[in-house]
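Since we're looking at a predicted model, the values are computed, not measured. A note on names: the letters A, B, ... follow the listed sequences, proteins ahead of strands, and every chain is numbered from 1.
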Amino acid sequence: MSGQSRGLLALLDRLTRAFGPQQWWPAESAFEVLVGAVLTQNTAWRNVETAIARLRARDWLSPSAIVNAPVDELRECLRPSGYYNVKTQRLRAACETWLALGGEAGIDAMPTTTARAELLAVRGLGPESVDDVLLYGFHRPVFVVDAYTRRIFSRVGVVPASIGYDDLQAAFEAELPRDAARFNEAHALIVSVGKDYCRPRLPRCSACPLQPACDHGRSQLDGA
DNA sequence: CTCCAGAATT
DNA sequence: AATTCTGGAG
């Protein structure tokens with residue numbers, strides 16, 4: 001035995017000790033989380049900030065403002081976040097449903113599973129975007145998994161690389177206390193290690209806080 | 001599996 | 001210059 005616990009809780013503890021508390025997704029409202037969740041699809045957050053700043057400058061950070069905005073002007077606001085044609089449509093569709101569901105108050109009154117199903121029905125909101133909204137916008141205890149999560153924990157060796165979204169999420173939700181604040185923190189820590197150490201190419205295994213507990217890190221000192 | 005639109009890394 | 005990367009839909 002290596003003596004290293006490879007339970008998810010122990011791995012996340014390791015990240016907490018390495019990185020300390022994170023402050024994450026400081027949006028002013030659940031609706032802003034929705035906007036960010038759509039705009040950040042396949043896109044670095046840096047570019048999302050530029051697009052959100054353009055919306056804010058026009059006072060368009062509300063679902064009614066966005067559905068009423070001229071589509072071509074909306075598209076120009078979103079351009080910096082990439083995929084601006086699809087994201088313009090996705091954001092408009094999400095805003096229409098958001099309003100139809102009774103806005104933030106309406107969604108907040110719904111059970112988590114109902115809210116999740118309603119939001120997933122929007123064309124352009126997949127599981128990760130919806131779970132961002134539920135966790136960061138509505139503080140529901142939903143574990144957000146993403147490409148970082150799959151890469152990190154499959155390299156560590158605790159899940160198969162081919163695991164799907166729902167199964168990966170279920171693995172975390174089964175093993176961790178169902179607590180929104182801790183899910184929030186955990187996701188932020190995962191993003192940190194995924195960006196700075198467990199990168200897609202040339203992972204920095206020797207400096208990675210997970211290295212002592214990681215199959216990949218123990219077998220393959222750095223590089224790829 | 002391809003498209004979508006870019007930025008980051010090599 | 002070429003390749004790779006973060007969601008979701010068709």
Trainee: Take atom CD of A/Q41 and atom P of C/dT6, then tell me their distance rounded to the nearest Å.
Mentor: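 One finds 14 Å between P of C/dT6 and CD of A/Q41, rounded.
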Trainee: Would you measure the distance from the P atom in B/dA5 across to the matching atom in C/dA1 and give it in whole Å?
Mentor: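 The answer is 23 Å between these two P atoms.
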Trainee: Take A/R151 and A/G124, find for each the nucleotide of DNA chain C with the closest heavy atom, and name the residue whose nucleotide sits nearer the 5' end.
Mentor: A/R151
Trainee: Reckon A/R199 touches a base, only the sugar-phosphate, or nothing at all at heavy-atom distances under 4.0 Å?
Mentor: nothing
Trainee: Does A/D72 CG have over 12 foreign heavy atoms under 6.0 Å away?
Mentor: yes
Trainee: Looking for any heavy atom pair under 4.0 Å, which part of the strands does A/P127 touch: base, sugar-phosphate only, or nothing?
Mentor: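 Answer is sugar-phosphate: A/P127 comes under 4.0 Å of backbone atoms only.
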Trainee: Does B/dG6 have its OP1 or OP2 closer than 4.0 Å to a side-chain nitrogen or oxygen of A/R79?
Mentor: yes
Trainee: Given that both distances must come in under 3.5 Å, which nucleotide forms a Watson-Crick or G-U wobble pair with C/dT6?
Mentor: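 Base-paired to nothing in any strand shown.
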Trainee: Passes side chain to side chain donor-acceptor pair (under 3.5 Å), A/S129 versus A/Q41? Steps please.
Mentor: CA-CA 8 Å; A/S129 303; A/Q41 290 169 6; 2.9 Å; yes
Trainee: Could you tell me the separation between the CG atom of A/L91 and the C1' atom of C/dG7, rounded to a whole number of Å?
Mentor: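 So the CG-C1' distance, A/L91 to C/dG7, works out to 15 Å.
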Trainee: Return the value, rounded to whole Å, for the distance between atom CG of A/L34 and atom P of C/dG7.
Mentor: 16 Å
Trainee: Taking the side chain of A/S129 as heavy atoms from C-beta outward, which of B/dA7, C/dG7, B/dA5 is closest to it?
Mentor: C/dG7
Trainee: Only one of A/D179, A/D108, A/D132 forms a salt bridge (charged side-chain N to carboxylate O under 4.0 Å, His left out) with A/R140, so which one is it?
Mentor: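 Of the listed options, the one satisfying the test is A/D108.
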Trainee: At 4.0 Å (heavy atoms only), tell me whether A/V48 reaches a base, stays on the sugar-phosphate, or touches nothing.
Mentor: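 The answer is nothing, as A/V48 stays clear of every strand by at least 4.0 Å.
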Trainee: Supply the atom-to-atom distance A/L78 CG to A/L55 CG, rounded to the nearest 0.5 angstrom.
Mentor: 5.5 Å
Trainee: In whole Å, I'd like the distance from the NZ atom of A/K87 to the C1' atom of B/dA5.
Mentor: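 Value for this atom pair: 8 Å.
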Trainee: Separation of A/H187 atom NE2 from C/dT6 atom C1', in whole Å?
Mentor: 11 Å
Trainee: Quick one: label A/Y83 by what it contacts on the DNA or RNA (base, sugar-phosphate, nothing), any heavy atom closer than 4.0 Å.
Mentor: base
Trainee: C/dT6 C1' sits how many Å from A/Y148 OH, rounded?
Mentor: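 In whole Å, C/dT6 C1' and A/Y148 OH are 6 Å from each other.
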Trainee: I need the CG-P distance between A/L120 and C/dG8, as an integer number of Å.
Mentor: 9 Å
Trainee: Does the side chain of A/N85 get closer than 4.0 angstrom to OP1 or OP2 of B/dA5 through an N or O atom?
Mentor: yes
Trainee: Would you mind reading off the distance between A/L39 atom CG and B/dA5 atom C1', rounded to a whole angstrom?
Mentor: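 Distance, rounded to whole Å: 13 Å.
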Trainee: Would you call A/V145 and A/D131 a side-chain contact if the rule is heavy atoms closer than 4.5 Å?
Mentor: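 No, every pair of side-chain atoms sits at 4.5 Å or beyond.
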Trainee: Would one find a side-chain N or O of A/R46 under 4.0 angstrom from OP1 or OP2 of B/dA8?
Mentor: yes
Trainee: Closest to the A/N42 side chain: C/dG7, B/dA7, C/dT3?
Mentor: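 For A/N42, the side-chain atoms sit closest to C/dG7.
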Trainee: Aromatic rings A/F143 and A/F183: how do their planes relate, parallel, tilted or perpendicular, breaks at 30° and 60°?
Mentor: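 Answer is perpendicular, since the angle exceeds 60°.
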Trainee: So, OP1 or OP2 of B/dA5: does either fall under 4.0 Å of a side-chain N or O from A/S81?
Mentor: no
